[in-house]
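Since the structure comes first, as structure tokens, the remarks are kept for the end.
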Amino acid sequence: MTSNPAGAVPVLELRDIRKEFGSVVALRSGTLSVHGGSIHALVGENGAGKSTLVKIVAGLYQRDGGEFRLDGEDVDFTSTAESKAAGVAVIYQEPTLFPDLSVTENVFMGRQPVNRFGRIDRSAMRAELERLFQRLAVRIDPDRPAEGLSIADQQVIEIAKAVSLDAKLLIMDEPTAALSGVEVDRLFAIARSLRDEGRALVFISHRFDEVFALCDTVTVMRDGAYIATSPIHETSVDAIVRQMVGREVTDLFPKLDARIGPPLLEVEGLTSAGIFHDIDLTVRSGEIVGLAGLVGAGRSEVARAIFGVDGYDSGSVRVTGTSLPKRKPAEAMERGVALVPEDRRRQGLVLESSVARNLTVAIRERLAKAGIITGRSENAAARLWASRLEVKTNALSSLAGTLSGGNQQKVVLGKWLATEPKVLIIDEPTRGIDVGTKAEVHRLLSELAGRGMGILMISSELPEVLGMADRVLVMREGRITAELDRADATSENVMFAATHATGAQS
Amino acid sequence: MTATTTDTATVRTYRDFDRPLWQRILLTREMAIIALLVIVTIVASLTVRGFGQPITLTFLLLDVMPILLIALPMTLVIITGEIDLSVASMAGLASVLTGVLTQAGLPFEVAAIVAILVGAIGGAVNGFLVPVVGLPSLAVTIGPLALSRGLAVGLLGTTAVTDFPEFWTDLAKARVGNTNIPVVLFLFLVLLVVFTVLLHFTPFGRGIYSIGLSSEAARFSGVRVERTKFILFVLTGTVSALAGIYYTLRYGSARGDNATGLELQVIAAVLLGGVSIFGGRGAIHGVIAGVLLIGVLASALRLANVTSDVINIITGVLLVLSVVASSFLAWLRKRRRSPGRTPRVEASTAG
Amino acid sequence: MTAPTIERSDVTKRLRAVSAVREFGILLALLLVILAATIANPNFLFSADGWRDLLLTPSILVLLAVGQAIVIITRNVDLSVGSVLGLSAYLTGRLFIDLQGIPTLAVFLIVIVFGAVLGLVNGALVAFAKVPSLVITLGTLYAYRGINVLWAGGDRVNASDLPRDFLALGTGQVLFIPILTIIALVVLIVAGWVMKNSRAGREFYAIGSDPDAAELYGLRVTRRLLVAFVLSGALAGLAGVLYAARYGTVSSQAGSGWELDAVGAAVIGGVAIFGGSGTVWGAAIGAGLLLTINRALPILGIPDFWQRAVVGALIIGAIVLDRVLALRQRRKLLEAREDES
């Protein structure tokens, strides 16, 4: 535990940073002060403004107000190049590598060692990379293209990039989301050694055990505003959660018991090379099956393959006993399968289309009379589903992108419920939506199961999985590693199955 | 964000639209282009000698007919976010094929049907390469552009076929009774109705818009993205061939370089008419106004004795301006509001 | 942990082999075409004229193909090169006619800068307006050509208008190698070196590989795109001067349709149409293949009107081939990941 030398100038100082996107205020008063030799945790719910704050530091966004200092000097970055030159390195949630270029080039792009003729010194670059990889204990072929690397390996390369940059401030935005236990340990060792060199680190994570294991200070944000900063040993998980949520956390809405009926969705031996393997699962009428695991474990990919958006190499999918063709989402829909996808803004909705169009896109064939569809029939159907789900919108013609996250999710749900599905696959049902809507969604899912729908729920939020699912399947690196009944499922054994290989360690 | 969990049992009512009717009709990109068309027409009538005569309208319509025809399917293709550069080459190939086959002794009608079939097949090749193989159409249709034109030039070299049945060549220029309305206008009107209904009033058309706005979201909603694009490319090929045959009859000659450069005028007209190059936005009436605007400009300039090269410059500049203007407007709006990174919010009809 | 003297994995070795084979294959095709034409008519290779034409004919297109390859590697395209070449060639003629006694070197410089400015217009429209380059350069393709026609009218530059020593450049040789070929080779070597060994060159690849990542990474994307288009324009300008020197007559249609040959050369030479991979060397070989086929066709008994059809077929074939290879590569990499874990 390193303590911050009193009076020292913080490496990064943000005060009352404000950022608006049109009428939406993403950040009301972002405040953060990080010292050299410290690992500083930044926590908050989705939508609390952490990522916006990071993007301002990275030079990706320009602030609308507030103070921003590096080493005590006012700065004003207008591009990522400027922030990088000032010694700021950011590791984003999604690694950003150049797929066609080699691992080595990816690490050194834009600042390769050159001789006096401007020629890139490849052997120096290679030697430097080997030193770097040795230090980080990484074994990745430096000459292979970045294309096809696992997320964990990509993340490691991002870290190598940041380390080689000799950054004085390193910001990591949920770097561990896709990592396994060993990989997290390796990352932490690197982070600590960087801290001991006197650098400042900002660590954003949703996992409190990691925050407490790694960080010395924690700053909490809520609704785009700074809430509190405290040394880690003076706070607790409960206190942080209270600050994050703004009130005591009540229990999630539990799933009500429903009569479990015949199997609706049966998946056998589903395999897609390099992505997932031998997936067997069954969802029965009235049942909610939880699919847990780390981000990148292949859960969403399985959902997409079942629905037919992606293909697969072998295995079979059956719905109410008859098999479903590969790569045919329209067919799957006709047979009563619905998929509420993971990425609401890119996959679930057409953001620049109206609420009405979004609500009716999946049933447009059904709405057409003699092949002709009119705005009137669309609006009638949209009105029905908007009111059933209590969507809050200005008008049916408002663009879906203007709604809040929770209302957007309701539109996606309404769009799929309109198709009257037998099987509902729902990927991260409550990601990035407010607490009230969250409860509504949970109640709705329980109600739907009660009416005999079979639900496959993918979720990274353990309380949600444990509270809602009748059965929990856990995936790790593309395989199902555990199947737990509601009674047996605890956060410990789900996390264990999600992070530890069964059998031989690779 | 406040959490209202309970007590919203009251049934919500929803307005259909958030803007009044007159705004929805008048404040659109399409209306802007229609207004511009009206202004240019009035100015041309007043300043260019002879432009006001009814016969001008006849020739104007005859001249822009190939563009009008091809612009219909091209609008749908561009709304899905794709583009077809090979239309002019395909029109040229259809022209040459009709000529060569007629010369070889086939009845003109049979030759024309074969040419249209070849157009459909050419469109199918594009439709296969672009969506099914998964290649960007911007790049892919350069191949068919070169191939179709190459075949056309290869088949006829620098010679021309001019021997066509008089019935057909007359029909291509004929007018209805004593009016100044060309007969071919009816062919166009039929296709206009077909494509307008297809785009604006069918589930298929709804799919086209969602593909253009977000092809991923469309796929996740069960829209058959590949099939839709395939059909549109086949339609484009077919209509291009039809336009090529019309072109042949109108000028009474099949040549390897027929309709060269027509793709520029078609694309310029479509984009000018308010269709977004990124897809998802645009409407047929705007495109018609765009084509007519280019036609009126060309016709007025020709009457004012300006060479056709100037018209090419103007078309090229209009094309560049219409895309740059859209980006510029989007950029302005983004500076004013726009949440996050949605750079293409523009006020054109989204369906 | 074990000592990380990291071995090149099998997949990496294979990938290198595939990309080498891709360019070698085009070279092989070029040699086969030369062989076939030479068998049909030995003069194709074994005569002073045959040898000279073999080297001379592709030289100008090589310049365009190199510029085009750089632009395509950044995931853009420049369709205006044919028009830029035409305008530049006409400007060359006008300079010699209107400014009697102007030094040849000055003409070279003025026209190259002129081409660069035309390229800058393209680049600025693409980089700042963020509009697909294909649409922009399709527009400038016609606009530049229109300006050319407007300027030249029915006139054209004739060989008699040009100084003799300038025309000598177009046909002259040094040690059996045409001067134009030497110029093209120098440009090719420099461009090849820059693309492979300089930061700027590698950044072109990075931008084409993933433009969004390049922006996030902090590369100066706008500036690089401008540079790519300026290079393409400047090379088209240089090609314009050489065109005037080689052919002597310049009409307002000079270079019309060459943009397709340039794009075709790059794509056939293994420059992926969606950016990020390929080399200027491949593009140059592609240019050689295209024009050699063009010359070989009549010898092999096929009217040269079919040349454009051959170009079209080759472009489609190359794009499909590259796509198939790319998909296979992705698959192999995924499978390799499987084996490692």
Side-chain angles (χ1 to χ4, degrees), chain A residues 58-60 79-85 90 92 94-103 105-106 108-112 114-115 117-122 129-131 133-150 153 161 186 272-275 277 477-478 501 506, chain C residues 1-16 19 73 75 193-194 196-224 272 274-278 326 329-341:
Chain A
L60 214 56
S79 73
T80 45
E82 286 177 29
S83 80
K84 212 157 128 182
V90 181
Y92 299 96
E94 304 261 314
T96 50
L97 299 178
F98 305 112
D100 294 296
L101 303 185
S102 73
V103 167
E105 288 211 86
N106 263 292
F108 293 102
M109 180 54 63
R111 49 195 176 81
Q112 300 94 334
V114 289
N115 67 12
F117 303 110
R119 184 182 206 277
I120 293 172
D121 189 340
R122 278 172 209 275
L129 186 86
E130 296 219 351
R131 260 200 307 284
F133 274 14
Q134 189 152 25
R135 180 167 158 209
L136 303 179
V138 180
R139 290 181 56 94
I140 302 171
D141 179 355
D143 295 320
R144 66 161 287 158
E147 164 131 46
L149 282 172
S150 71
D153 281 347
K161 251 159 57 173
R186 189 173 67 188
S272 179
I275 302 169
H277 296 272
E477 292 189 355
S506 60
Chain C
M1 280 272 172
T2 43
T5 344
I6 308 150
E7 289 289 312
R8 219 172 245 183
S9 63
D10 290 344
V11 210
T12 311
K13 283 181 201 154
R14 267 184 67 168
L15 289 179
R16 297 200 156 227
S19 67
I73 283 169
R75 204 181 276 191
W193 189 90
V194 167
K196 186 161 188 277
N197 292 317
S198 77
R199 286 181 181 174
R202 301 319 295 172
E203 286 179 20
F204 287 136
Y205 283 93
I207 291 166
S209 190
D210 188 338
D212 295 335
E215 197 81 52
L216 265 185
Y217 190 90
L219 298 183
R220 276 165 281 207
V221 178
T222 309
R223 207 164 84 181
R224 293 283 176 234
F274 18 81
S277 69
Q329 160 170 348
R330 185 185 298 167
R331 213 177 161 74
K332 285 273 178 285
L333 284 169
L334 275 178
E335 279 167 13
R337 174 166 134 197
E338 209 86 322
D339 300 341
E340 282 162 23
S341 57

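Heavy-atom basis, side chains included; hydrogens, waters and symmetry copies ignored.
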Quiz item: So, does C/Ser209 use its side chain to make a donor-acceptor pair with the main chain of A/Asp100 at under 3.5 Å?
Solution: yes

Show me the side-chain donor-acceptor pairs of residues 213-220 of chain C shorter than 3.5 Å, one per line, residues at least two apart or across chains.
unit_1, atom_1, unit_2, atom_2, d
C/Tyr217, OH, A/Met109, O, 2.9

With a 4.5 angstrom heavy-atom cut-off, could you sort out which part of [X] is near chain C: side chain, backbone, both or neither?
X        : answer
A/Arg122 : side chain
A/Glu105 : side chain
A/Asp121 : neither

Quiz item: Would you say C/Tyr205 and A/Leu101 make side-chain contact, with heavy atoms under 4.5 Å?
Solution: yes

Practice problem: Kindly write out the residues that satisfy salt bridge (Lys or Arg N to Asp or Glu O under 4.0 Å) with A/Arg119, not counting sequence neighbours, or none if the list is empty. | Solution: none

Practice problem: Under 4.5 Å, counting heavy-atom pairs only, tell me which of C/Ala206, C/Gly208, C/Ala272, C/Gly201 racks up the most with chain A. | Solution: C/Ala206

Quiz item: Rounded to the nearest 0.5 Å, what separation is found between the CD atom of C/Glu203 and the CZ atom of A/Phe98?
Solution: 8.5 Å

